[in-house]
Amino acid sequence: MSTSNKRAPVTHFHPISSPDYVPLEQLRELQSRRLAHMARRAYENVPLYRERMQAKGVTPDDIQSIDDISKLPFTMKCDLRDTYPYGLFASPLKDIVRLHASSGTTGKPIVVAYTKEDLSVWDEVVARALAGYGLTKNDIIQNSFGYGLFTGGLGLHGGIERLGALAVPVSGGNTERQILLMKDFGVTAISCTPSYFVHLIDKAQQMGLDIREFPLRVGIFGAEPWTEAMRAHMEDAAGIRAYNIYGLSEIVGPGVGSECWTQEGMHIFEDHFYPEIINPQTGETLPDGEEGELVLSTLSKEAMPMLRYRTRDITTIERDTCPCGRTIRRIRRISRRSDDMLIIRGVNVFPSQIETGILRVEGTLPHFQILLTRSGGLDQMEVRVEVNADVLGDTIASIEGFKQKVAQSIENIIGLHIRVTPVTPHTLKRSEGKINRVVDLRNEGK
Ligand code: AMP
Ligand code: ZN
């Protein structure tokens with residue numbers, strides 16, 4: 001079968017819901033109403049927001065229109081950590097029906113919450129994303145994002161069911177089985193991290209199978225940055241069209257934004273999540289078309305409103321309207337972050353967490369380097385760490401035992417098993433300015 005036959009037709013798809021196409025004036029009016037309500041809800045129910053707004057001399061009465069958004073204070077990841085676990089909730093626990101969690105900058109995760117209505121909005125935006133790829137109730141969608149506290153699995157799942165498509169909730173891992181199920185069930189679309197899909201392609205080849213011959217025609221990829229080169233590789237090797245989906249737990253999870261058939265930027269579902277771009281150094285708002293840090297505000301979230309959340313993701317809001325006809329704006333693909341967060345196999349990892357894990361083991365020194373590579377499509381992480389010679393011992397067993405101890409200590413914090421290489425003191429290069437502990441060679445190959 002030729003790859004081109006299987007590609008989703010490049011046409012206008014029937015929107016399952018109209019907010020993507022409403023006239024701009026109507027959209028701004030809706031956003032204004034929702035923001036005024038959100039600011040009041042946050043002010044009245046969350047002490048942190050009330051204190052921040054008071055410190056800026058702002059009351060909910062000052063927020064009448066979407067243009068007033070710049071009067072509101074920013075929210076940051078550390079605010080979620082400092083109010084851990086329930087301090088930012090604007091609903092009583094009895095009205096909250098789901099929690100998810102994601103990595104914070106230190107040992108504790110950040111916690112996010114949803115009411116029934118919040119889950120319904122989440123399902124709706126994911127379903128709108130899927131409809132934008134031309135998927136319908138006739139599709140069979142294998143969801144290989146991890147189910148659990150991570151928002152990927154359950155987030156996609158809800159949207160698939162809302163669309164009325166058939167969900168195959170395989171979650172992550174067990175790659176051979178994933179490939180067999182994909183083939184046997186006649187799966188037409190898959191959702192997972194792009195790096196996992198590259199791994200899946202390699203594994204299928206090893207098994208003597210050609211995914212291009214499967215009915216699969218759409219890939220839904222997100223949770224980590226990827227490139228046009230990756231898109232070309234995946235589309236070619238699997239005979240699919242590969243679409244980018246964006247999101248973050250603090251706002252809702254996947255489905256904050258998503259590509260349409262043009263594959264040129266991700267539409268933000270801005271009737272629910274309002275985007276701004278700021279200069280990350282000064283906090284000043286930048287006009288559409290300029291690159292900076294993406295700031296998002298939830299406009300309808302009940303359980304955990306987010307006012308001007310600094311995502312640390314660097315992008316640009318497109319100035320032009322999209323040929324697809326949607327009026328909601330688009331952001332360019334996220335190329336990098338303004339902090340040092342790494343995304344390894346879809347898991348957020350901060351170098352500070354590695355440092356904590358290392359230093360919990362006796363005999364380690366605070367000099368380490370993180371080496372990232374990619375093999376068979378999967379991210380590999382190695383940590384080189386300086387160690388006092390006397391704790392290592394001189395037998396193979398004692399050295400192996402030490403490596404395991406450090407690896408386990410890091411795994412306890414980040415949840416990933418990584419390779420540890422002890423090195424003698426003063427081997428690693430010392431920094432002469434701002435330290436950069438990360439050597440990222442993941443995009444050197446494909
Ligand atoms: P989490 O809250 O654990 O889902 O992580 C959210 C972060 O993952 C975002 O702030 C981004 O840095 C990253 N991310 C999610 N989706 C994408 C995407 N499609 N492209 C690039 N980065 C992404
Ligand atoms: Zn579009």
Side-chain angles (χ1 to χ4, degrees), residues 10-13 15 20-21 76-77 80 100-105 109-112 122 126 128-129 131-134 145-146 148-156 191-197 219-228 230-231 242-270 273 275 293-296 304 306 309-315 317-318 320-350 414-416 442-443:
V10 179
T11 56
H12 283 75
F13 300 119
D20 294 353
Y21 299 85
M76 284 174 295
K77 209 186 246 302
L80 283 98
H100 279 284
S102 170
S103 312
T105 44
I110 56 149
V111 178
V112 295
W122 193 9
V126 174
R128 280 159 68 183
Y133 316 142
F145 277 118
L149 285 175
F150 174 51
T151 52
L154 285 162
L156 257 294
S191 45
C192 58
T193 60
S195 54
Y196 187 63
F197 191 68
I220 305 150
F221 304 122
E224 62 189 18
W226 52 297
T227 58
E228 282 305 315
M230 281 269 270
R231 169 145 41 212
Y243 294 101
N244 203 351
I245 189 162
Y246 170 75
L248 60 161
S249 312
E250 293 87 328
I251 299 301
V252 75
V256 172
S258 167
E259 283 182 335
C260 61
W261 58 263
T262 65
Q263 297 179 312
E264 279 185 19
M266 296 179 282
H267 289 278
I268 298 288
F269 296 110
E270 60 170 315
F273 319 114
E293 180 182 336
L294 179 66
V295 169
L296 289 164
M304 202 169 146
M306 275 289 137
Y309 183 72
R310 292 190 56 167
T311 66
R312 302 286 173 191
D313 291 324
I314 304 291
T315 182
I317 297 180
E318 295 287 0
D320 307 332
T321 48
C322 186
C324 79
R326 284 177 180 76
T327 45
I328 52 172
R329 286 171 294 169
R330 291 171 295 164
I331 56 166
R332 297 210 183 126
R333 66 163 66 245
I334 311 284
S335 51
R336 58 202 164 85
R337 292 182 51 90
S338 71
D339 64 6
D340 57 358
M341 187 176 95
L342 305 165
I343 304 185
I344 295 155
R345 291 183 227 156
V347 177
N348 302 348
V349 176
F350 288 90
I414 65 171
L416 284 177
R442 285 180 294 181
N443 287 324

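Each residue takes its place number in the sequence, starting with 1. When a ligand or atom number is given, it counts from 1 through the structure's own listing order.
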- Query: Are any of the side-chain heavy atoms of R442 and S195 separated by less than 4.5 Å?
  - Reply: no

Report task. Would you sort out whether L80 and E250 count as a side chain to side chain contact (heavy atoms under 4.5 Å, CB included), showing the intermediate values? Result -> CA-CA 9 Å; L80 283 98; E250 293 87 328; 4.1 Å; yes

Worksheet item: Ignoring hydrogens and geometry, is there a side-chain-to-backbone donor-acceptor pair from E270 to P275 under 3.5 Å?
Response: no

Indicate yes or no: at least one non-hydrogen side-chain atom of Y246 is less than 4.5 angstrom from one of L294. yes

Please verify the inter-ring angle class for F197 with F221; under 30° counts as parallel, over 60° as perpendicular, anything in between as tilted. tilted

Please assess M76 against R312 for the test side chain to side chain contact (heavy atoms under 4.5 Å, CB included), listing each intermediate value before the final yes or no. CA-CA 9 Å; M76 284 174 295; R312 302 286 173 191; 3.9 Å; yes

Is there any protein N/O under 3.5 Å from an N/O of ligand 1, and what does the full list of such pairs look like?
| unit_1 | atom_1 | unit_2 | atom_2 | d |
| --- | --- | --- | --- | --- |
| ligand 1 | 2 (O) | S249 | N | 2.9 |
| ligand 1 | 2 (O) | S249 | OG | 2.7 |
| ligand 1 | 3 (O) | S102 | OG | 3.1 |
| ligand 1 | 3 (O) | N348 | ND2 | 3.0 |
| ligand 1 | 5 (O) | N348 | ND2 | 3.3 |
| ligand 1 | 10 (O) | D313 | OD2 | 2.7 |
| ligand 1 | 10 (O) | R337 | NH1 | 3.3 |
| ligand 1 | 12 (O) | D313 | OD1 | 2.6 |
| ligand 1 | 12 (O) | D313 | OD2 | 3.4 |
| ligand 1 | 12 (O) | R337 | NH1 | 3.0 |
| ligand 1 | 16 (N) | A223 | N | 3.1 |
| ligand 1 | 19 (N) | N244 | OD1 | 2.7 |
| ligand 1 | 19 (N) | I245 | O | 2.8 |
| ligand 1 | 20 (N) | E224 | O | 3.3 |

Exercise. Ignoring hydrogens and geometry, is there a side-chain-to-backbone donor-acceptor pair from T315 to R332 under 3.5 Å?
Worked result: yes

So the protein N/O/S atoms within less than 2.8 Å of the Zn ion (ligand 2) come down to C260 SG, H267 NE2, C322 SG, C324 SG

Problem - SB check E318 R329 (cutoff 4.0 Å) - result: no

Q. Between R231 and E259, is there a salt bridge with N-O shorter than 4.0 Å?
A. yes

